[in-house]
2 protein chains.
Amino acid sequence: MRMNQGVEWAVHVLLALAWLDDGEPVSTARFAASYELPQAYLNKQLQALVRAGLLESVPGARGGFRLARPPEKITLMDVVMAIEGPEPAFQCTEIRRRGMGADAPESQFRVACAVNTSMQRAELAWRKSLASQTIADVRTEAELHAPAVAGMTRRAYGRD
Amino acid sequence: MRMNQGVEWAVHVLLALAWLDDGEPVSTARFAASYELPQAYLNKQLQALVRAGLLESVPGARGGFRLARPPEKITLMDVVMAIEGPEPAFQCTEIRRRGMGADAPESQFRVACAVNTSMQRAELAWRKSLASQTIADVRTEAELHAPAVAGMTRRAYGRD
DNA sequence: GTGCGAATACTCGGATACCGCGTGTCCGAGTAAGTGAGG
DNA sequence: CCTCACTTACTCGGACACGCGGTATCCGAGTATTCGCAC
């Protein structure tokens, strides 16, 4: 169960845009160069963020991507959902009602499978934590240990 | 990011063993028939539980698997770890220090990447929830809505 | 009837193929910027 | 000098291959049972 690495890329891209702050779009070429990532594949991942409404894409020369809403309004849950999709990691296939358990009375299956319930409970805790952390929070936490990172980012992306 | 379906199988197997309660081993053939699962592949998954110390295997005729410790001492975290492995779902590849950020002062990278920290925080919540739920808990929850399931299981596996 | 030994059937265990999804790449549509000529 | 149309270059966007890990299977090692025979 390994998470799509596009999630890591996406969060770093969103962070960079948050630090740049101005509404100017940044191209995938620049992002790819900034992190040594395959440009075309990174583009593919960012498209998912556009579809999810986290980024706006600007076509044409000097185009690129910019934040669709302020960093305070973008949670890590949004990012994970945009790239990984809405399906839960644990998917109950209802094996309890197959095989020998198939002829059990229907009333047994009215309520959800206890196994599924327990696993979903854990996933909900995960989701809650992701939803409680915004891009702005991550930015703040990063600046706590490396105050110069905002200026360095602006310089790396040709601002100032 | 889909979880190995062997996790679902494993929890159901452990639950069945908890309901049977006696120390008699149950073969994979019986489990596979009970849930309509591919026998050989189920066996492979249960081997992982043996390696993790959750099950004991009994070779030879009338052999099979039995619980290595009481259901109260087996958490869902144990099961997930046994099958999925110890690696976290989100793996930080430190892209912050590649490309343009490579020439940043070393002091910037002393503390962990904030992106990684945030994602691990969420995973920790997930792990905590998994670790707080034992097989015995799941059994209790299942019996709450379907009190007959214990007896049905014993009958399905030829007990009594 | 009882004890012993070999044959047997059944089980786990690891080594071996198959396949779908994440990973990576390429090319076309579209747009803004740049350029040059004409007024 | 200003305006405008054309060319150009750059960007996103989706369609097309590749490789790896999860999925599935098969066969061998080992053991408890069972059966038959001798005593």
Side-chain angles (χ1 to χ4, degrees), chain A residues 1-10 13 17 23-66 68 80 82-85 87 89-91 93 95 157-158, chain B residues 1-10 13 17 23-33 35-66 68 80 82-87 89-91 93 95 157-158:
Chain A
M1 192 190 57
R2 207 169 101 262
M3 175 172 292
N4 192 318
Q5 66 174 332
V7 171
E8 181 184 11
W9 302 357
V13 163
L17 287 174
E24 293 302 305
V26 178
S27 70
T28 54
R30 208 172 267 272
F31 282 127
S34 178
Y35 299 117
E36 287 182 8
L37 303 178
Q39 175 187 345
Y41 189 30
L42 174 61
N43 193 349
K44 183 187 179 71
Q45 305 280 19
L46 296 187
Q47 284 174 32
L49 298 187
V50 173
R51 278 191 290 271
L54 305 185
L55 288 182
E56 284 176 358
S57 67
V58 179
R62 313 241 338 185
F65 297 92
R66 74 176 132 224
V80 172
I83 295 200
E84 293 287 342
E87 302 83 20
F90 181 90
Q91 275 146 320
T93 57
I95 65 173
Y157 285 89
Chain B
M1 193 190 59
R2 206 169 101 263
M3 175 173 291
N4 193 317
Q5 66 174 330
V7 171
E8 181 184 10
W9 303 357
V13 163
L17 287 174
E24 294 301 306
V26 178
S27 70
T28 54
R30 208 173 267 271
F31 282 128
Y35 300 117
E36 289 183 7
L37 302 178
Q39 174 186 346
Y41 188 31
L42 174 62
N43 193 349
K44 182 187 178 73
Q45 305 281 19
L46 296 187
Q47 283 173 32
L49 297 187
V50 173
R51 276 191 291 271
L54 305 184
L55 287 183
E56 284 175 359
S57 67
V58 179
R62 311 241 336 184
F65 298 91
R66 73 176 134 221
V80 172
I83 295 199
E84 293 287 341
E87 302 84 19
F90 180 90
Q91 275 146 321
T93 58
I95 65 173
Y157 285 89

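Letters go in sequence order (proteins before strands), and every chain restarts at 1.
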Worksheet item: Side chains of B/Gln5 and A/Thr93: donor-acceptor distance under 3.5 Å anywhere?
Response: no
Worksheet item: Can you tell me if the side-chain N/O atoms of A/Gln47 get under 4.0 Å from OP1 or OP2 in D/dG14?
Response: yes
Worksheet item: Nearest-Å distance, CG (B/Leu42) to C1' (C/dG13)?
Response: 14 Å
Worksheet item: With nearest nucleotides of DNA chain D determined for B/Gly60 and A/Lys44 from heavy-atom distances, which residue corresponds to the more 5′ nucleotide?
Response: A/Lys44
Item to complete: Classify the nucleic acid contact of B/Gln39 as base, sugar-phosphate or nothing, counting any heavy atom under 4.0 Å across all strands shown.
Response: nothing
Item to complete: Would you indicate which nucleotide in D/dT23, C/dT31, C/dG24 comes nearest to any side-chain atom of B/Gln45?
Response: D/dT23
Fill in: Separation of atom CG in B/Leu55 from atom P in C/dT11, rounded to whole Å
16 Å
Practice prompt. Please figure out whether A/Met1 or A/Ala61 has its closest DNA chain D nucleotide nearer the 5' end.
Written response: A/Ala61
Discussion item. Name the residue from A/Val58, A/Val50, A/Leu54, A/Val26 that meets the side chain to side chain contact (heavy atoms under 4.5 Å, CB included) definition with A/Phe65.
Written reply: A/Val50
Worksheet item: Base, sugar-phosphate, or nothing: which does A/Gly64 touch, judged by heavy atoms less than 4.0 Å apart?
Response: sugar-phosphate
Worksheet item: For the residue pair B/Met3 and A/Phe90, what are the closest heavy atoms and their distance?
Response: SD-CD1, 3.9 Å
Practice prompt. Please work out if B/Asn43 contacts a base, only the sugar-phosphate, or nothing of the nucleic acid, heavy-atom cut-off 4.0 Å.
Written response: base
Practice prompt. Using a heavy-atom cut-off of under 4.0 Å over every strand shown, decide if B/Gly63 touches base, sugar-phosphate, or nothing.
Written response: sugar-phosphate
Fill in: Residue mapping more 5' on DNA chain C - nearest nucleotide basis, A/Pro38 or A/Val58
A/Pro38
Discussion item. Counting only side-chain nitrogens and oxygens, does A/Thr28 get under 4.0 Å of the OP1 or OP2 atom of D/dT11?
Written reply: no
Worksheet item: Using a cut-off of less than 4.0 Å, is there contact between a side-chain N or O of A/Tyr41 and OP1 or OP2 of C/dT25?
Response: no
Worksheet item: Whole-Å distance between D/dG22 C1' and B/Glu8 CD?
Response: 16 Å
Worksheet entry | B/Ser57 vs C/dT11: side-chain N/O to OP1/OP2 distance below 4.0 Å | no
Fill in: Sub-4.5 Å side-chain heavy-atom contact between B/Arg66 and B/Glu24
no
Item to complete: Could you tell me the separation between the CZ atom of A/Arg62 and the P atom of C/dT31, rounded to a whole number of Å?
Response: 18 Å
Worksheet, complete the sentence: 5'-most contact on DNA chain C (nearest-nucleotide basis), A/Gly6 vs B/Pro59, goes to B/Pro59
Item to complete: Let me know the distance between CZ of A/Arg2 and P of C/dC21, rounded to the nearest Å.
Response: 16 Å
Worksheet entry | Gap between atoms CD1 and P, on B/Ile83 and D/dG22 respectively (whole Å) | 12 Å
Worksheet item: Between atom CD in B/Gln91 and atom P in D/dG21, what is the gap in whole Å?
Response: 11 Å
Worksheet item: With side chains defined as the heavy atoms from C-beta onward, is the minimum distance between B/Val80 and B/Asn4 less than 4.5 Å?
Response: no
Worksheet item: Is B/Gln5 near enough to D/dG22 that one of its side-chain N or O atoms lies under 4.0 angstrom from OP1 or OP2?
Response: no
Discussion item. Side chain of B/Ser27 only, heavy atoms from C-beta on: which candidate in C/dC26, C/dT11, D/dG13 is closest?
Written reply: C/dT11
Worksheet item: In whole angstroms, how far is the P atom of C/dG22 from the CD atom of A/Glu84?
Response: 7 Å
Worksheet item: At under 4.0 Å between heavy atoms, what does A/Arg51 touch on the DNA or RNA strands: base, sugar-phosphate, or nothing?
Response: sugar-phosphate
Worksheet item: For the residue pair B/Ala10 and B/Leu49, what are the closest heavy atoms and their distance?
Response: CB-CD1, 3.7 Å
